[in-house]
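Every chain is numbered from 1, with letters handed out A, B, ... down the list of sequences.
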Number of protein chains: 2
Amino acid sequence: MARYLPGLQTRDRILDSTRWLLARVGLDGTTLSAILERAKVRSGSFYNLFDSKDEAILTVIREAINAVDPHPDGVGKDTVEELVDAYVEFITGQPTLAKIYLQTAVGGAMTDETLAHRVIAHHEARVSRLADAIRRQTRTSKAKSQLEAELLLAGLNGLAFHWLLDDDFDIAARARDLLASR
Amino acid sequence: MARYLPGLQTRDRILDSTRWLLARVGLDGTTLSAILERAKVRSGSFYNLFDSKDEAILTVIREAINAVDPHPDGVGKDTVEELVDAYVEFITGQPTLAKIYLQTAVGGAMTDETLAHRVIAHHEARVSRLADAIRRQTRTSKAKSQLEAELLLAGLNGLAFHWLLDDDFDIAARARDLLASR
DNA sequence: CTCAAAATAGAGCGTATACTCAAAAACAAG
DNA sequence: CTTGTTTTTGAGTATACGCTCTATTTTGAG
């Protein structure tokens with residue numbers, strides 16, 4: 001058995017627990033004791049692996065932000081439809097991370113400035129990638145495709161927002177409608 | 001001086017304080033002592049006027065949800081443009097309440113079930129009102145205008161979302177673009 | 001098996017929170 | 001002014017939080 005494996009395993013258990021709690025009960029509900037109980041770990045072990053409770057939480061949130069951007073290798077090749085599908089799949093397939101992502105964005109809690117910038121940066125990256133795809137397919141001007149991408153992504157975020165409120169909302173169908181209505 | 005006036009005034013001060021704090025520091029930061037300090041009220045007075053801290057917070061949140069729906073008298077008359085303008089004005093003019101509204105929607109914190117239903121109900125009311133306006137102007141079918149309204153509102157929510165992240169984002173201009181792109 | 005390093009356990013600490021309550025103060029009608 | 005009511009005060013309580021620390025157990029290479 002590799003040497004530092006047990007520690008890494010409990011670290012994973014802690015992050016799993018934190019991720020689960022963040023999505024279900026939000027930032028408030030994600031208390032240390034809740035994390036510990038779910039991860040079956042005692043506080044001493046926790047503080048051998050993380051400097052603070054916030055470190056565990058920020059680790060999970062960063063992971064959520066990164067997860068919004070799929071297939072980083074396919075930049076410059078994918079179609080608009082593929083990008084929209086990828087977004088919907090992310091939202092519905094990983095509602096846990098999706099919720100955390102949107103919660104972080106709306107902010108209020110977790111007043112970490114750098115986190116907000118990170119979300120903005122990711123948002124802009126997704127806009128320009130979408131704009132590229134639009135430009136490749138429709139050969140519109142750069143400014144126009146940028147605007148179109150911005151509006152499309154706003155629509156998708158709005159749909160995600162609605163879906164989080166209402167599980168029965170058919171986000172995939174509405175995303176297709178959104179694409180068709182362009 | 002009217003009899004129960006002083007009590008009502010401190011009640012207002014408390015709600016003002018709560019509203020301000022909810023928007024600036026979020027739900028977490030809105031502690032009792034923060035509310036008390038800002039309202040210049042001691043805990044005893046607070047608990048003469050509210051049963052709990054949550055009661056004050058929920059009062060403010062309900063107010064925020066209701067504020068999303070402007071001019072309830074103009075139902076059946078307003079144009080799509082007017083409704084979109086009203087939405088943008090609400091968001092930019094009352095960012096405090098807007099932020100609380102979106103935070104409530106994304107949820108996580110404040111696990112009040114009835115609150116989520118309230119947000120959904122309001123959302124649906126706005127969709128159908130928007131759909132009516134669309135129908136009046138374009139004479140499309142009921143189903144089609146309903147869908148169009150849903151997508152338009154999703155777009156607006158997405159833009160609001162972006163604006164909350166980034167103050168410099170020109171939500172009014174983008175909302176106009178969104179209208180123009182239909 | 002031995003033993004040093006790694007990992008866990010869990011009692012305990014300081015602090016902040018929401019909330020209570022008895023007493024004092026402010027107030028307005030008679 | 002007197003009096004009963006409303007309002008405010010602020011010390012005090014119980015609880016939950018994040019976190020520390022030492023003792024104990026587990027681990028795995030030699």
Side-chain angles (χ1 to χ4, degrees), chain A residues 1-62 100 103 108-112 115, chain B residues 1-62 100 103 108-112 115:
Chain A
M1 201 191 215
R3 231 173 175 202
Y4 305 100
L5 204 58
L8 291 179
Q9 283 173 334
T10 66
R11 198 188 126 93
D12 281 346
R13 283 216 312 283
I14 288 170
L15 289 177
D16 285 345
S17 166
T18 305
R19 196 179 303 117
W20 190 92
L21 284 164
L22 275 178
R24 311 290 152 144
V25 294
L27 207 67
D28 293 25
T30 307
T31 62
L32 185 66
S33 59
I35 294 174
L36 298 179
E37 190 180 351
R38 205 182 155 72
K40 302 240 177 294
V41 164
R42 248 41 66 188
S43 57
S45 305
F46 182 94
Y47 283 96
N48 276 346
L49 296 158
F50 296 90
D51 285 340
S52 66
K53 190 198 86 164
D54 279 359
E55 195 191 308
I57 289 179
L58 284 174
T59 302
V60 168
I61 291 181
R62 283 194 213 99
I100 294 171
Q103 275 173 19
M110 185 65 51
T111 336
D112 191 328
L115 219 59
Chain B
M1 201 191 215
R3 241 188 164 188
Y4 305 99
L5 205 59
L8 291 178
Q9 283 173 335
T10 66
R11 198 188 125 93
D12 280 346
R13 283 216 313 284
I14 288 170
L15 289 177
D16 284 346
S17 166
T18 306
R19 195 179 305 116
W20 190 92
L21 284 163
L22 275 178
R24 310 291 153 144
V25 294
L27 209 66
D28 292 26
T30 308
T31 62
L32 184 66
S33 60
I35 294 174
L36 297 180
E37 190 180 352
R38 208 183 153 71
K40 303 241 178 294
V41 164
R42 249 42 66 189
S43 56
S45 303
F46 181 95
Y47 283 97
N48 276 345
L49 295 159
F50 297 91
D51 284 341
S52 68
K53 189 196 87 165
D54 280 359
E55 195 192 306
I57 289 180
L58 284 174
T59 301
V60 168
I61 291 182
R62 281 194 215 101
I100 295 171
Q103 276 173 16
M110 186 66 50
T111 336
D112 193 327
L115 219 60

If I take atom [atom1] in residue [X] and atom [atom2] in nucleotide [N], what distance separates them, rounded to the nearest angstrom?
X       : N      : atom1 : atom2 : answer
B:Asn48 : C:dA26 : CG    : C1'   : 14 Å
B:Arg42 : C:dA26 : CZ    : P     : 14 Å
A:Phe46 : D:dC21 : CZ    : C1'   : 17 Å
B:Leu36 : C:dT20 : CG    : P     : 13 Å
B:Leu32 : D:dT9  : CG    : C1'   : 14 Å
A:Asp12 : C:dA7  : CG    : P     : 13 Å
B:Glu55 : C:dA18 : CD    : C1'   : 14 Å
B:Gln9  : D:dT6  : CD    : P     : 17 Å

For [N] and [X] - does any side-chain N or O of the residue sit under 4.0 Å from the phosphate oxygens OP1/OP2?
X       : N      : result
A:Ser33 : D:dA16 : no
B:Tyr47 : C:dC19 : yes
A:Ser43 : D:dG18 : no

From [X] [atom1] over to [Y] [atom2], what is the distance, rounded to the nearest 0.5 angstrom?
X       : Y       : atom1 : atom2 : result
A:Thr18 : A:Ile57 : OG1   : CD1   : 6.5 Å
A:Leu58 : A:Lys53 : CG    : NZ    : 10.5 Å
B:Leu49 : B:Glu55 : CG    : CD    : 9.5 Å

statement: Between A:Asp51 and A:Thr31, whichever has its closest DNA chain D nucleotide further toward 5' is A:Thr31
field: Comparing A:Lys53 and B:Gly44 on DNA chain D - which has the more 5′ nearest nucleotide
entry: B:Gly44
- prompt: How far apart are the C-alpha atoms of B:Thr31 and B:Val25, what are their side-chain angles, what is the distance that settles it, and do they pass the side chain to side chain contact (heavy atoms under 4.5 Å, CB included) test?
  reply: CA-CA 10 Å; B:Thr31 62; B:Val25 294; over 6 Å; no
- request: Please determine, for D:dG30, whether a Watson-Crick or G-U wobble partner exists with both distances under 3.5 Å, and give it or none.
  value: C:dC1
message: So, applying side chain to side chain contact (heavy atoms under 4.5 Å, CB included) with A:Val60, which one of A:Leu21, A:Thr30, A:Leu22, A:Asp16 is it?
response: A:Leu22
